[in-house]
Amino acid sequence: MSNSNIKNLLVDHNETIRNALKKINLSGLKVCFLVKNNKLKNVISDGDIRRSLLKSLELSDKVKYVKSKKFIYVQENYDFLDLQNKISKYGIVPILNKKGHVIDYANEKRIRQIPQSEPLLKGNELKYISDTIKSGWISSRGKYVNMFEKKFSSFVNNNYCLSTSSGTTALQLAISTLKLKQGDEIIVPDYTFVSPINSIIHSKCKAVLADIDPDTLCISYDSIKKITNKNTRAIIIVHLYGNSPDLEKVLSFCKKRKISVIEDCAEAFGTRYKNKHAGNFGDFGTFSFFGNKTISTGEGGMIIFRDKKKYELAKKLRDHGMNQQKKYWHDEIGFNFRLTNMQAAIGCAQLENANSFIKKKISIQRKYESKLKIIKYLIFPSPKKYYINSHWLSYMKINPKLKDAKKLRDDLVYYLNQKGVEVRTGFYSAHLMDIYKNSKSKKINYKNSKQISNSIITLPSSVNLKDKEINYICNLILNYKLIK
Ligand SMILES: Cc1ncc(COP(=O)(O)O)c(C=O)c1O
């Protein structure tokens, strides 16, 4: 922020309403700061003046008589989160020094929190979406839906791609094609975004929580072996933060027992396992195009299939279970899980830049790593021989062996948030939440899930993140005295 034009917003309380209006007019900010002996006395908006004029005041009256609502301010050593809250409530916030003098102001435009992950929509998104509007094809029919599925198909090298309204509906649709019975069990990691767990429960199956591997953050093979039983019908592998478990071991275990495998690749667009795109190893791979994902359609998802028959069934289920030849004749109890033509248009444009987005995401993780690796208490994801992580979201861990690792992690996150950096503490272990208590297995102690949940920090990772922003974040961390 710069305070070069702050004087243009200050109005002495004895000045006239006319002069105050002139200042408001010049600044274009719709408010002025009323001062007495240079100290802030009030914040007056053009609306406050309008209401006072309509009531009784004249333009020649003193501005101090204008009635206004309660005003707010922050001190110069403000808490960033407090300032953010005030900006979202009041729009403009004066910043005062110890003497109560206005030294600056903040509003949405003058302050930017560095976000976790925001979409970049600077390619053909606007062009293609305008095309859908001009053509009138704005719901799920129209050329972009097919085009998006085709382009996605060639990107991940899979012939059976079906778009959906979200990553969650992709999971639910995949599970529905398995035609499972109430009480059938599906194994899912305890440490994940909750969407795959909810999808199982909504399908009337029993979700059984497995522990994770502390290195890959993905479902642990040992844990799978412990909780598999005669009711186990499927396993959802979540490629968390672009990671992958040892797929071969899990797949051969599942093949022997006729257990279906769903790869949740919501966080792994661009991740390649032994040179093949993630999602191509199980029976299904599901993707999310939520706004924070590597490519986004706002909301949206995709399923890729190994089996053509499952693809065709899912296509029917996605569209109310309607017979594709006989309109309004329903063969299945289906859903409406379709992606719109407008969303697909954005998706087509996003795919045109997908390779450069993935490259950028990987380079962001590497930059954090190279600048911060000298800090001994931080652990970064170690590169693996068998897969390339596309690093949707960069992350690091506070060494969990440290005493008070959770407190240290929470303090660092709080500090960075205050400094305008949106870092997060990741997910909570699902088994600790009351609503998932029936999914807990007595055979598992969830040690790794709890440990990761207490030590991880996810870092800003937008594709438009600037090097100077990465440097700013790293310098804050380098200068932060974690161990006091
Ligand atoms: C691992 C995982 N699975 C599923 C989803 C759900 O995707 P959506 O938000 O598109 O429903 C997400 C996140 O958004 C996710 O991170």
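Note that ligands are numbered from 1 as they come in the structure, with each ligand's atoms numbered from 1 the same way.
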Query raised in the report: Parallel, tilted or perpendicular: which describes the rings of H320 and H330, with under 30° parallel and over 60° perpendicular?
Result: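 It falls in the perpendicular class, over 60°.
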Requested in this report: Hey, can you tell me if Y395 and H391 have their rings parallel, tilted or perpendicular (30° and 60° cut-offs)?
Outcome: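 Ring orientation of Y395 relative to H391: tilted.
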Query raised in the report: Can the positive tip of K293 be found less than 6.0 Å from the middle of the six-membered ring of W392, inside 45° of the ring normal?
Result: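 Yes, a cation-pi geometry.
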Query raised in the report: Quick one: are the ring centres of Y160 and F305 less than 6.0 Å apart?
Result: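 No, the ring centres sit 6.0 Å or more apart.
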Using a cut-off of under 3.5 Å, which N/O atoms of ligand 1 pair up with protein N/O atoms, and what distance separates each pair?
| from | atom 1 | to | atom 2 | distance (Å) |
| --- | --- | --- | --- | --- |
| ligand 1 | 3 (N) | D264 | OD1 | 3.3 |
| ligand 1 | 3 (N) | D264 | OD2 | 2.6 |
| ligand 1 | 7 (O) | S288 | OG | 3.3 |
| ligand 1 | 10 (O) | G167 | N | 2.8 |
| ligand 1 | 10 (O) | S288 | OG | 2.7 |
| ligand 1 | 11 (O) | G167 | N | 3.4 |
| ligand 1 | 11 (O) | T168 | N | 2.9 |
| ligand 1 | 11 (O) | T168 | OG1 | 2.5 |
| ligand 1 | 14 (O) | K293 | NZ | 2.8 |
| ligand 1 | 16 (O) | E267 | OE2 | 2.6 |

Query raised in the report: Got a sec, which residues hit side-chain hydrogen bond (donor to acceptor under 3.5 Å, both in side chains) with E267, two or more places apart in sequence or on another chain?
Result: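 So E267 forms no side-chain hydrogen bond (donor to acceptor under 3.5 Å, both in side chains) with any residue.
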Query raised in the report: Just checking, is any N or O donor in the side chain of N471 or K371 under 3.5 Å from an acceptor N or O on the other one?
Result: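 Note: N471 and K371 side chains meet the donor-acceptor criterion.
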